[in-house]
Amino acid sequence: MKTFEGKLTVNSQERIAIVVSRFNEIFTSKLKEAAVDCYIKHGADEAQIDVYWVPGCFEIPLTLQGLAETGRYSAMVALGAVIRGATPHFDYVSSEVSKGVSKVSLESKTPIGFGILTCNNLEQALERSGSKAGNKGWEAALATIEHSNIMAQIKENS
């Protein structure tokens, strides 16, 4: 029996793209800082990381798709914050961004960390962007490090 596990180290040849929503920047900037910090603490150099700011979460999937088509990136991270309001807008945006990120990852065969906060209120967003519930930007980046390593092993063993 063979067991495959992803290592938590960034290969020096890898390039990483972080796509961040400017909407709700009070939260998304903290997600971005944590994601960058995670990559650096796991062996990446800042020169390996490119950050792309987009207007809102709805623009994230198309940006990821464009980046995937370049073939430059071994991993990408989607960071944003959708906070429930008085209208159904939250439901539409959170659903479409989730589907879009998943679709890009599957079609491009590129690991994409999902760091999109989908929160009922500002307090939940604050908790998930660096307070009580940790930082989902860090967690999304860490997931891509492991997933990238697993994908490399799949390619090596095919």
Side-chain angles (χ1 to χ4, degrees), residues 6 8 10-11 13-40 42 44 46-122 124-130 133-152 154-155:
L8 294 178
V10 178
N11 179 313
Q13 304 305 309
E14 289 184 288
R15 302 250 338 135
I16 300 149
I18 300 174
V19 180
V20 191
S21 166
R22 193 170 301 287
F23 195 78
N24 286 320
E25 190 172 351
I26 190 168
F27 306 113
T28 63
S29 62
K30 292 177 184 192
L31 296 172
K32 189 253 326 164
E33 289 168 12
V36 170
D37 187 48
C38 179
Y39 283 122
I40 290 170
H42 288 88
E46 276 191 31
Q48 292 175 256
I49 305 167
D50 295 331
V51 177
Y52 294 85
W53 287 91
V54 297
C57 284
F58 197 78
E59 292 76 22
I60 289 173
L62 180 59
T63 305
L64 290 168
Q65 183 179 37
L67 294 170
E69 288 172 358
T70 70
R72 271 192 300 238
Y73 300 102
S74 56
M76 298 185 283
V77 177
L79 302 175
V82 186
I83 302 168
R84 188 177 301 279
T87 69
H89 182 71
F90 168 90
D91 298 310
Y92 299 124
V93 173
S94 58
S95 175
E96 293 307 311
V97 73
S98 300
K99 286 189 248 179
V101 170
S102 176
K103 183 177 183 193
V104 172
S105 184
L106 290 170
E107 289 178 357
S108 68
K109 297 180 176 84
T110 304
I112 300 176
F114 191 80
I116 308 289
L117 304 180
T118 53
C119 302
N120 288 317
N121 54 51
L122 295 172
Q124 288 179 347
L126 183 63
E127 288 173 357
R128 287 157 179 77
S129 62
N135 189 301
K136 300 306 177 189
W138 174 283
E139 292 174 19
L142 190 62
T144 66
I145 295 169
E146 184 175 2
H147 195 189
S148 258
N149 281 297
I150 287 288
M151 294 303 291
I154 290 170
K155 287 177 187 174

Just by distance, do the side chain of [X] and the backbone of [Y] share a donor-acceptor pair under 3.5 Å?
X	Y	result
Q48	A44	no
N135	A34	no
S105	V101	no

[X]: side-chain hydrogen bond (donor to acceptor under 3.5 Å, both in side chains) partners, not counting sequence neighbours:
X	answer
K103	none
Y73	D50, Y52
S74	E14
E33	none

Check: residues 57-68 side-chain donor-acceptor pairs under 3.5 Å, at least two apart:
{"residue": "E59", "atom": "OE1", "partner": "G56", "partner atom": "N", "Å": "2.8"}
{"residue": "T63", "atom": "OG1", "partner": "E59", "partner atom": "O", "Å": "2.9"}

For residues 67-88, the salt bridge (charged side-chain N to carboxylate O under 4.0 Å, His left out) pairs (sequence neighbours left out) are R84-D91
Check the pair V54 / V19 against side chain to side chain contact (heavy atoms under 4.5 Å, CB included), numbers first and verdict last.
CA-CA 7 Å; V54 297; V19 180; 4.0 Å; yes
If the condition is salt bridge (charged side-chain N to carboxylate O under 4.0 Å, His left out), which residues does K136 pass it with, not counting sequence neighbours?
E139
Mind checking what makes salt bridge (charged side-chain N to carboxylate O under 4.0 Å, His left out) contact with E127, not counting sequence neighbours?
K132
Nearest heavy-atom pair of [X] and [Y]: which atoms, and what distance?
X	Y	value
N120	Q124	N-OE1, 2.6 Å
V77	A141	CG2-CA, 4.1 Å
I150	G6	CD1-N, 3.2 Å
P55	S21	O-OG, 3.9 Å
H147	P111	ND1-CB, 3.4 Å
K32	I18	CG-CG2, 4.3 Å

Take L8 and E146 through the test side chain to side chain contact (heavy atoms under 4.5 Å, CB included) and record every step on the way to the result.
CA-CA 5 Å; L8 294 178; E146 184 175 2; 3.8 Å; yes
Under the side-chain contact (heavy atoms from CB on, under 4.5 Å) rule, collect the residues that match up with A125, sequence neighbours excluded.
F27, I83, L117, C119
Results of side-chain contact (heavy atoms from CB on, under 4.5 Å) for S102 - residues two or more places apart only
L106
Under the ring pair (Phe, Tyr, Trp, His ring centres under 6.0 Å) test, which residues partner H42, sequence neighbours left out?
W138
How far does CD1 of I116 sit from CG of L31, to the nearest 0.5 angstrom?
8.5 Å
Separation between CD1 (I145) and CG (N11), nearest 0.5 Å, reads 11.5 Å
Inter- and intrachain pairs under side chain to side chain donor-acceptor pair (under 3.5 Å), touching residues 109-119, at least two apart:
S108-T110
Please walk me through it: do T144 and M76 pass side chain to side chain contact (heavy atoms under 4.5 Å, CB included)?
CA-CA 7 Å; T144 66; M76 298 185 283; over 6 Å; no
For V104 and I112: C-alpha separation, side-chain torsions, deciding distance, then whether side chain to side chain contact (heavy atoms under 4.5 Å, CB included) applies.
CA-CA 8 Å; V104 172; I112 300 176; 3.8 Å; yes
Residue I26 excluded, over 12 heavy atoms near CD1 under 6.0 Å:
no
